[in-house]
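Each remark here refers to the structure printed beneath this line.
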Amino acid sequence: MSTEDRPPAPRSLAEALRGRDDVSLGRLLRSRPDLITPVPTDLTQLATRAGTRASVVRALERLDRFALQTAEALAVAADPATYDELLGLMAGDDADPAVVAALPHALDTLREQALVWGDDDRLRLVRTARELLAPSPQHPSPTGLGPTVQEATAGMSPGRIQEIVVAAGLPSTHDSVSAVTALTGLFTHRRRMAALLAGAPADSLEVLERLVWGPPYGQVTPDPAPRLRWLLDRGLLLPTAPGTVVLPREVALHLRRGLAHRTPEPVPPVVEAAAVHRPQVVDSTAAGQAYTALATVEELLKDWDEGGPAVLRAGGLSVRDLKRTAVALDTSEPVAAFWVELAYAAGLIASDGEADERYAATPEYDEWRELPAAERWSRLATAWLAATRTAGLVGGRDAKDRTLSALGQGLDRSAAPEVRHRVLGLLAGLPEGAAPDAGSVLARLRWERPLRGDRREDDLRGRLAEWTLSEAELLGVTGRGALSAHGRALLGAPAAPSGPGEEPSGPGDKLPVHHHRPAPPRARLSPAEQAVASAAAVRLLTPLLPEPLDHVLLQADLTAVAPGPLEKHLADMLGVLADVESKGGATVYRFTPGSVRRALDAGQAASDLHAFLAAHSRTPVPQPLAYLIDDVARRHGQLRVGAASAYVRCDDDAVLSEILADKRAAALGLRRLAPTVLAAQADPAGLLEGLRAMGFAPAAESAEGDVLITRALAHRTPPRTAPEPVPDGPPVPDDTLLAAALRAIRAGDLASTTPRKPGTAPSADGELPRTGSAETLATMQAAVLTGEALWIGYVNAEGTASQRVIAPIRVEGGFVTAYDHTADEVRTYPLHRITGVAELADDVG
């Protein structure tokens with residue numbers, strides 16, 4: 001293309017955006033969704049918003065390390081800079097081939113993000129980004145470079161500048177501007193600069209070596225040492241304040257061989273495999289852990305079935321209740337916090353909202369329990385992927401130095417879902433069965449989202465990644481550290497890449513995973529896509545889960561062994577009739593007098609219990625267990641407790657005499673009313689517990705004298721919705737919103753840039769046209785006759801002002817019907833909401 005045919009270079013970011021097509025603008029709005037909230041009126045407003053500090057900071061934080069290094073290099077380059085100048089800063093004098101190959105992509109990323117605009121011969125970093133990244137005494141540049149010679153000598157006296165020029169071997173000049181230009185030319189000339197430094201004392205060169213990679217500032221005394229005096233005399237160090245000197249940028253770049261960064265990182269770190277297992281082993285291990293996860297959540301909810309721990313005044317679980325929950329689940333407190341938060345994120349537990357507020361299972365839990373095991377796991381795993389609540393923070397401190405409690409406030413971290421998806425996405429990029437080296441995963445994440453400034457002290461993304469790896473293993477998404485097949489399906493990830501040619505000889509061997517440019521962090525799936533992915537995960541997991549058993553093995557020591565997971569009705573009944581003694585691959589239940597009485601209290605008869613055990617045991621019912629059931633049943637209900645205040649009645653008056661003679665009964669306030677009846681001062685519940693503590697087996701009875709079945713009632717909260725994840729900034733616009741927004745922006749830009757006839761343009765850019773009502777009406781009526789387009793200002797019912805280009809069709813009844821070029825449709829506008837009209841130089845369309 002000849003120079004005459006080339007379009008003029010853009011003079012501003014708005015003009016650069018105006019030259020983009022809709023596909024390019026759409027990529028910008030997807031990558032920086034804050035620019036579309038609310039939709040800008042035109043491209044000028046879009047450019048203004050793209051240059052605001054908050055938006056630029058957010059965009060910089062989402063750059064990978066090499067793209068950020070490129071932006072940092074532009075911040076210390078001339079404004080504008082050429083591509084060759086930028087390449088020199090990034091690749092150095094040796095022209096690193098990897099940097100040369102990667103720089104175009106990084107620059108395209110910055111352009112797409114509207115952080116850089118202009119052609120390759122006039123590259124400009126947006127002003128706000130330059131202010132954030134350029135070096136200053138208060139905010140050192142990440143490059144470690146200091147100010148330029150021109151900036152460092154801005155307050156220096158002309159005489160001192162001339163002395164420096166002469167000492168550096170340059171002829172004196174008539175003014176400071178030309179002197180500074182000459183000095184800059186010397187420092188940027190490789191051969192002349194090398195000759196100057198060749199004559200420097202060795203200890204002076206050591207000073208430069210200490211400052212060259214930053215920080216570039218140093219302290220000097222009023223009477224500098226000779227090694228410093230030599231540098232100060234020649235401008236190789238320049239004073240910036242009393243007692244402070246700085247290494248000029250041009251000198252540092254010469255010593256660095258042109259590099260803005262000590263270590264450019266054009267290629268992301270490789271994610272390495274720490275061990276490789278057979279895929280079948282990974283899947284079976286993950287499936288086993290998935291079933292354990294289900295059992296753990298069920299055990300947690302069963303423990304809270306009749307009402308769980310109290311809610312703290314500030315919200316959340318107390319430390320004591322978390323410890324008790326950890327003991328009940330036989331795990332550590334951090335892991336218990338994870339299971340509690342997972343159940344909460346899945347909507348299975350919530351606070352009941354009562355005056356004495358407690359945590360309890362929700363009605364959703366009952367529905368969840370009825371689902372097949374694989375579907376229950378899918379619900380938990382999907383909730384975990386999307387949750388912003390971060391269990392790893394439990395026990396830490398918030399900004400006000402308050403302890404963060406499980407189920408309490410302050411645990412939401414909006415970056416958590418994105419980090420989880422990205423970590424699992426990196427695992428999905430490994431060969432099947434490969435478990436990653438955790439350090440290489442963290443290094444990769446830090447390359448993709450490098451820490452800047454003060455954020456280096458709080459590597460939240462790194463901690464989230466570590467928690468993701470451990471939580472994925474607990475949940476059964478991974479097995480032995482490697483992503484399982486059902487975990488891969490849950491992410492909607494493609495099939496795993498083929499493994500390396502040779503398998504490692506031992507678990508410690510590492511296998512690098514090679515690739516070219518990194519894939520961007522995978523976007524979270526839409527609800528419809530996630531439903532499809534979850535269904536695929538369920539299909540893969542179902543055959544790996546053990547089938548529930550319908551039997552147990554009864555033993556003579558009053559125990560029953562469940563060699564695997566039990567069917568729901570069997571597990572529920574056995575949980576009432578016996579106490580769990582140990583868990584693992586097989587669960588051991590122990591029968592005790594208390595557990596048998598619990599079953600009788602629940603309405604079971606001794607014959608029912610014998611029949612139940614005979615039907616579900618693969619071994620004969622041991623005689624000691626049959627005797628235990630019969631013995632407890634014989635005594636169960638012999639004593640009856642009812643409400644007077646409370647009373648005890650028994651057909652055997654000798655039993656009542658035995659109770660009265662027992663010293664432990666003193667607290668119950670018992671006295672004989674009749675040979676077979678005792679009255680008590682205690683309430684019925686207290687009387688029942690007291691008699692049971694004395695070794696009796698009383699039963700409660702109703703006012704009619706019937707035995708009451710004291711089955712524990714499950715406590716449920718009112719219907720509750722699962723907690724909504726906290727968004728990480730504005731949501732990425734979908735295709736429909738994006739198309740509408742682009743159309744509105746283009747339309748508004750058309751209205752604001754369409755040429756007006758001389759004398760009709762507003763007095764200042766951005767102002768709406770202003771005309772009187774009579775003139776507005778007359779101009780509209782004339783345009784109907786001539787078919788001309790008009791530029792109008794319009795204020796809608798919400799008070800939002802906009803500019804529009806319309807072609808009036810009809811004016812009547814206080815309304816104008818017109819073809820709106822900005823909306824590309826026919827619309828009707830109230831005349832009283834039109835601020836004014838202006839004629840266009842040329843007809844539109």
Side-chain angles (χ1 to χ4, degrees), residues 30-34 37 58 61-62 64 293 337-348 377-394 396 404 406-407 409-429 436 441-442 444-446 448-449 451 455 458-478 483-484 486-493 518-534 536-537 721-734:
R30 284 190 186 279
S31 61
R32 297 177 65 179
D34 56 297
T37 311
R58 183 178 176 84
E61 289 179 345
R62 280 158 173 73
D64 63 49
F338 167 69
W339 294 121
V340 169
E341 285 291 340
L342 177 62
Y344 179 60
L348 304 181
W377 177 85
S378 174
R379 292 274 292 273
L380 293 179
T382 303
W384 171 71
L385 278 175
T388 55
R389 293 186 61 83
T390 309
L393 296 172
V394 172
L404 295 169
L407 301 180
Q409 299 179 354
L411 295 183
D412 282 292
R413 295 296 182 270
S414 57
E418 188 268 320
V419 172
R420 290 193 194 105
H421 279 81
R422 187 55 188 145
V423 169
L424 296 178
L426 291 175
L427 268 61
V441 172
L442 296 179
R444 176 60 172 270
L445 288 177
R446 292 189 183 109
E448 292 180 349
R449 293 282 181 86
L451 299 172
R455 294 175 60 242
D458 180 21
D459 184 9
L460 175 62
R461 287 177 61 84
R463 289 188 293 153
L464 287 171
E466 292 172 347
W467 293 331
T468 296
L469 291 173
S470 61
E471 291 170 1
E473 192 75 13
L474 283 173
L475 195 52
V477 176
T478 59
L483 189 64
S484 63
H486 52 271
R488 188 183 303 275
L490 186 73
L491 294 174
R522 179 175 175 80
R524 277 174 274 172
L525 304 178
S526 67
E529 292 171 332
Q530 187 61 68
V532 173
S534 298
T721 57
E724 285 291 332
V726 174
D728 185 19
V732 176
D734 58 25

Testing the basics here: between Ser414 and Pro727, what is the closest heavy-atom pair and its distance to 0.1 Å? CB-O, 3.6 Å
Check: Val726 main-chain N/O paired with Thr388 side-chain donor or acceptor under 3.5 Å: yes
Any idea which heavy atoms bring Ala346 and Ala722 closest together, and the distance? C-CB, 4.2 Å
Over all heavy atoms of both residues, which pair between Ser534 and Ser378 is shortest? Give the atoms and the distance, please. CB-OG, 3.3 Å
State, to 0.1 Å, how close Gln409 and Leu404 come at their nearest heavy-atom pair, and which atoms those are. O-CD2, 3.7 Å
Residues in ring pair (Phe, Tyr, Trp, His ring centres under 6.0 Å) with Trp339, at least two apart? none
Tell me the closest heavy-atom pair linking Gly410 and Leu393, and the distance in Å. O-CD1, 4.3 Å
Would you say that Thr468 contacts Arg422 through its side chain, given a criterion of any heavy-atom pair below 4.5 Å between the two side chains? no
Could you measure the distance from the CG atom of Leu464 to the CG atom of Leu445? Nearest 0.5 Å is fine. 10.0 Å
Should Leu469 and Leu427 count as side-chain neighbours, where that means a heavy-atom distance under 4.5 Å? yes
Could you pull out all residues at least two apart from Arg413 that satisfy side chain to side chain donor-acceptor pair (under 3.5 Å)? none
Take Leu475 and Trp377, measure what side-chain contact (heavy atoms from CB on, under 4.5 Å) needs, and give me the verdict at the end. CA-CA 8 Å; Leu475 195 52; Trp377 177 85; 4.2 Å; yes
What verdict does the side-chain contact (heavy atoms from CB on, under 4.5 Å) test give for Val419 and Arg449, after you've listed the backbone C-alpha separation in whole Å, the side-chain angles of each residue and the deciding distance to 0.1 Å? CA-CA 10 Å; Val419 172; Arg449 293 282 181 86; over 6 Å; no
Side chains of Leu348 and Leu380, heavy atoms from C-beta outward: is any pair under 4.5 Å? yes
Output for pair (Leu342 CG, Tyr344 OH), nearest 0.5 Å, gives 13.0 Å
Of all heavy-atom pairs linking Ala416 and Ala387, the shortest is CB-O, 4.0 Å
If you round to the nearest 0.5 Å, how far is CG of Leu407 from CZ of Arg389? 6.5 Å
Does any N or O in the side chain of Ser470 come within less than 3.5 Å of the main-chain N or O of Trp467, such that one atom is a donor and the other an acceptor? yes
Separation of Arg488 CZ from Thr478 OG1 (nearest 0.5 Å): 12.0 Å
Can you tell me how far the OG1 atom of Thr382 sits from the CG atom of Leu490, to the nearest 0.5 Å? 5.0 Å
Do Pro730 and Arg58 have side-chain heavy atoms sitting under 4.5 Å apart? yes
Could you grab the distance from atom CZ of Arg461 to atom CD of Glu61, nearest 0.5 Å is fine? 10.5 Å
Just do the side-chain contact (heavy atoms from CB on, under 4.5 Å) check on Glu471 and Arg420 with the steps written out, would you? CA-CA 10 Å; Glu471 291 170 1; Arg420 290 193 194 105; 4.1 Å; yes
Does any non-hydrogen side-chain atom of Val477 lie less than 4.5 Å from one of Leu385? no
May I ask you to test the Pro733-Pro33 pair for a side-chain heavy-atom distance under 4.5 Å? yes
